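The block underneath contains the structure these notes are about, expressed in structure tokens.
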Amino acid sequence: MALEWEQIIVDSAAPVTLGRWWAEALGWVVVDESEEIIEIRPEPDRMPGLLFVPVPEGKTSKNRLHPDFRPDDQEAEVARLLSLGARRADIVQDEQHWVTLLDPEGNEFCVLSERKS
């Protein structure tokens, strides 16, 4: 038996808005959208994707799972994501090789520095 990773489900207060934000942030495409849900993928036929679904409760604590991204230029990418509406996480990050940001609904994600050879 083999498993194929289809998608990650993201609970959201405003799924379509948040899904569109992540599509722009990642440069991904919308593959399914209704009034209540939205699915994005790197390309239409490429997985895994992210499926944003509505939930009535708001986020109350740190994510149990969060994505890490490694761009070519950490400083430029952090600036770009901030310009799209991300916020810096309110945590101490002295001498870390990553920057922790929050998406518009407060979900944590990290932007890593360049890999050390």
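FYI, the numbering just counts along the sequence from 1. In this text, all values refer to a predicted model and were calculated from it rather than measured experimentally.
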Name the atoms and distances for all side-chain donor-acceptor pairs under 3.5 Å in residues 16-30, with sequence neighbours left out.
| from | atom 1 | to | atom 2 | distance (Å) |
| --- | --- | --- | --- | --- |
| R20 | NH2 | E33 | OE1 | 2.5 |
| W21 | NE1 | L84 | O | 2.8 |
| W22 | NE1 | D103 | OD2 | 2.9 |

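Note that OG of S12 is 10.0 Å distant from CD1 of I38, once rounded to the nearest 0.5 Å. Residue F52 holds its CZ atom at 9.5 Å from CD1 of I8, rounded to the nearest 0.5 Å. How far CZ of R88 is from CG of L101: 6.5 Å, rounded to the nearest 0.5 Å. The distance from atom CD of E77 to atom CG of D72, rounded to the nearest 0.5 Å, is 9.0 Å.
When only modelled atom types and interatomic distance are considered, T100 and E108 share no side-chain donor-acceptor pair under 3.5 Å.
Applying the 4.5 Å side-chain rule to ILVMFWY residues, one finds that M47 remains a lone member of its cluster. The hydrophobic cluster containing I37 also includes I9, L51, V53, under a criterion of side-chain heavy atoms closer than 4.5 Å among ILVMFWY residues, counted directly or through chains of members.
Contact check for H66 versus N107: no side-chain heavy atoms found under the 4.5 Å cut-off. Looking only at side-chain heavy atoms (C-beta outward), P71 and V111 come within less than 4.5 Å of each other.
Under a 3.5 Å cut-off, the side chain of K62 and the backbone N or O of R64 do not form any donor-acceptor pair. Distance alone, capped at 3.5 Å, places no donor-acceptor pair between the E36 side chain and the P54 backbone. Remark: the backbone N or O of S113 is paired with a side-chain donor or acceptor of R70 at under 3.5 angstrom. Counting only distance, with no hydrogens or angles, the side chain of E105 and the backbone of A13 share a donor-acceptor pair below 3.5 Å.
Looking at every heavy atom in both residues, P104 comes nearest to G85 through CG-O, 4.3 Å. In terms of heavy-atom proximity, R46 sits nearest to R41 at O-CD, 3.2 Å.
Follow the hydrophobic side-chain contacts under 4.5 Å out from I40 and you reach W5 in the same cluster. A continuous path of hydrophobic side-chain contacts links V78 to F69 [ILVMFWY only; heavy atoms under 4.5 Å]. Hydrophobic clustering of Ile, Leu, Val, Met, Phe, Trp and Tyr side chains at less than 4.5 Å, counting indirect connections, unites L82 with F109.
Within a 6.0 Å sphere centred on CD of E57, other residues, nucleotides and ligands contribute more than 12 heavy atoms.
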